[in-house]
Asks: 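Here it is, the structure, as structure tokens.
So you know, we letter chains A, B, ... as the sequences are listed, proteins then strands, and number each from 1. FYI, side chains are in, hydrogens and waters are out, and symmetry mates aren't considered; it's all heavy atoms of this structure.
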2 protein chains.
Amino acid sequence: MSPTLELDHHEEGDAALPGRRERKKRTTRLALKAAALDLVAERGFAHVTVEDIADAVDVSVRTFFNYFPSKEACIVGEDAERIDALRDELLGLPPDVSPLEALRTVFFSRLRAIEEDIDISGEDHEVWLRRFAVLRSQPEVFFAFAKHLAMMERSLTDALVVRLGGEEWRLYASLVTTTVIGVMRVVGTSSATGGGIAAMKKSAEEAFDMLAAGFELRQQNRKARR
Amino acid sequence: MSPTLELDHHEEGDAALPGRRERKKRTTRLALKAAALDLVAERGFAHVTVEDIADAVDVSVRTFFNYFPSKEACIVGEDAERIDALRDELLGLPPDVSPLEALRTVFFSRLRAIEEDIDISGEDHEVWLRRFAVLRSQPEVFFAFAKHLAMMERSLTDALVVRLGGEEWRLYASLVTTTVIGVMRVVGTSSATGGGIAAMKKSAEEAFDMLAAGFELRQQNRKARR
DNA sequence: GCACATATTTGCACTATGTGCAACATAGCT
DNA sequence: AGCTATGTTGCACATAGTGCAAATATGTGC
């Protein structure tokens, strides 16, 4: 795409990225995710085969499976790097930040990264939002996503256990993680998401406040309102 | 159970159950679930094929797929009837019961039904507990379970929306449902479950209290403890 | 530029999941 | 017994996913 004339020898671009090989892999990976999303949005999950996706990016089916362990993983945008980044960020926060607060911080930071297209996956925020639209409209994809989130949950729970300093906190850590991820999922797939990432942030804020305050409180608001 | 002697002709059992045909189906279904669970517990999810399960119950593979839409569904114990029963129970509660309280009630009632082997699925509580053991030890099965719960979540959320009286409550209903199901999942798969259903109930009680009170409160307890 | 080491892509064979369809068998009813 | 509805099975077929080895592209030293 970009010319980037040769400097001297066989070097050509962007020293920030490890090399041409890595860059190509990244490009292919992103192209597969984007193509898969487009096709599924258009025809529905069941009517898109792996072959369709591979053809759209002009790689072999076998290569597709070098990039993703399953069709679902590709559509859902599964990314080990991304999960690891989340976990590392969590581990990097000061130890006196509470689990709920820590998860909250990390998720919002991730939302911002995606919004500004500086997410580690290199995924465009437009693609990311489109995925949520598909999630909302296609139950099969939504369920696959739930599965994916369960994997993420595992990783984040482990990190929280480390932060809290011992296995005796695992049950508590699990509860907080599952709850926070549930909230993010609901917010992400709620119809309010029509408003883009900004709307999601707002919804998420409210949901977190509600969580911190306890559900019954909100419930009392409800009663008061009628 | 109750004899209900023959009325006149070729009637033989339990008039409560629709007929021999239904009873046979029920038996086959339960046998498939139990066999699948045994095999998976023994060899691991990946090393059990649908053919293995079908053979163990002596039905054809094709018949297996008449009972369950997938291998995962069988192992996870997916059961449309059961989900419907949960939903109906939820809808049957007095309208002034709060969503959190309603879900809590329904889940505990279900736990009791399973404990006393009067669950609608007819599943033995011993099998049910064994499933959680498998869930705990095999990630693949656990992730499949998460998917299954996402389906249940949908149904319960719909019921809550009906209870609350309008679509404007969907976001709130989703949040409560996802959270409660998350809690039940964590509690069910926590190591504490070694103590059987009684231990699960106790853990769940604590988790619900924590939820109602808000997470940060618990977090303060934690700080106070060190 | 050339040659070598290493990583990636691909084709091929194979196993397993899941579905549609039509033949067959069984339960339920009169 | 005989008729009908429902459940079971075999068979053909599409798709998902994996292991392996050959072909290809990249990175590197000279």
Asks: Base, sugar-phosphate alone, or nothing: which one does T63(B) contact when heavy atoms must sit under 4.0 Å apart?
Replies: base
Asks: Kindly indicate whether a cation-pi arrangement holds for K71(A) with F45(A), taking the cut-offs as under 6.0 Å to the six-membered ring centre and within 45° of the axis.
Replies: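 Output yes; distance and angle both within limits.
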Asks: Rounded to whole angstroms, how far apart are CZ on R29(A) and C1' on dT8(C)?
Replies: 15 Å
Asks: E22(A) has an atom CD; how far is it from atom P of dT9(C), in whole Å?
Replies: 10 Å
Asks: Choose from dC11(D), dG28(C), dT8(C) the nucleotide whose nearest atom is closest to any side-chain atom of R62(B).
Replies: dC11(D)
Asks: Give F68(A) one of three labels, base, sugar-phosphate or nothing, depending on what nucleic acid heavy atoms sit under 4.0 Å from its own.
Replies: nothing
Asks: Would you classify V61(B) as touching base, sugar-phosphate or nothing, given that sugar-phosphate means primed atoms plus P, OP1 and OP2, and contacts are heavy atoms under 4.0 Å?
Replies: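 No contact.
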Asks: Would you say a side-chain N or O of K25(A) is under 4.0 Å from OP1 or OP2 of dT8(C)?
Replies: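 Indeed, a polar side-chain atom of K25(A) lies that close.
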Asks: Please state how far atom CG in D58(B) lies from atom P in dA25(C), giving the value in whole angstrom units.
Replies: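 For the pair D58(B) CG and dA25(C) P, the rounded distance is 16 Å.
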Asks: With respect to the phosphate group of dA27(C), does any side-chain polar atom (N or O) of K24(B) fall under 4.0 Å of OP1 or OP2?
Replies: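 For dA27(C), OP1 or OP2 has a side-chain N or O of K24(B) closer than 4.0 Å.
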Asks: What is the separation between atom CZ on F65(B) and atom P on dT19(C), rounded to the nearest whole Å?
Replies: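 After rounding, the reported distance stands at 7 Å.
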Asks: Is there a side-chain hydrogen bond (donor to acceptor under 3.5 Å, both in side chains) between S109(A) and E89(A)? Walk through the geometry before answering.
Replies: CA-CA 9 Å; S109(A) 140; E89(A) 200 173 336; 2.4 Å; yes
Asks: May I have the distance from E51(A) (atom CD) to dG11(C) (atom P), rounded to whole angstrom?
Replies: 11 Å
Asks: Please report the distance, rounded to the nearest Å, between CZ in F45(A) and P in dG18(C).
Replies: 12 Å
Asks: K71(A) side chain N/O closer than 4.0 Å to the phosphate oxygens (OP1, OP2) of dT15(D)?
Replies: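 No, no such contact exists.
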Asks: Any strand is fair game: report the nucleotide pairing with dC30(D) by Watson-Crick or G-U wobble, both distances under 3.5 Å, or none.
Replies: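 Base partner found: dG1(C).
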Asks: Would you confirm whether D119(A), through its side chain, and A113(A), through its main-chain N or O, come within 3.5 Å as a donor-acceptor pair?
Replies: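 Such a contact is absent between D119(A) side chain and A113(A) backbone.
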Asks: When the distance from CG of D52(A) to C1' of dT15(D) is rounded to whole Å, what number comes out?
Replies: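 Answer to the nearest Å: 11 Å.
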Asks: Quickly work out the N66(A) CG to dA16(D) P distance and round it to whole Å.
Replies: 16 Å
Asks: So what does Y67(A) hit on the nucleic acid, given a heavy-atom distance under 4.0 Å: a base, only sugar-phosphate, or nothing?
Replies: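 Sugar-phosphate contact only.
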Asks: Would R29(B) and Y67(B) count as a cation-pi pair here, with the cationic atom under 6.0 angstrom from the ring centre and within 45° of the axis?
Replies: no
Asks: With a 4.5 Å cut-off on side-chain heavy atoms, are E78(A) and S70(A) touching?
Replies: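 No. Closest side-chain heavy atoms not under 4.5 Å.
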Asks: Among dT26(D), dG17(D), dT17(C), which is the nearest nucleotide to the side chain of R21(A)?
Replies: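 Out of dT26(D), dG17(D), dT17(C), the nucleotide with an atom closest to R21(A)'s side chain is dT26(D).
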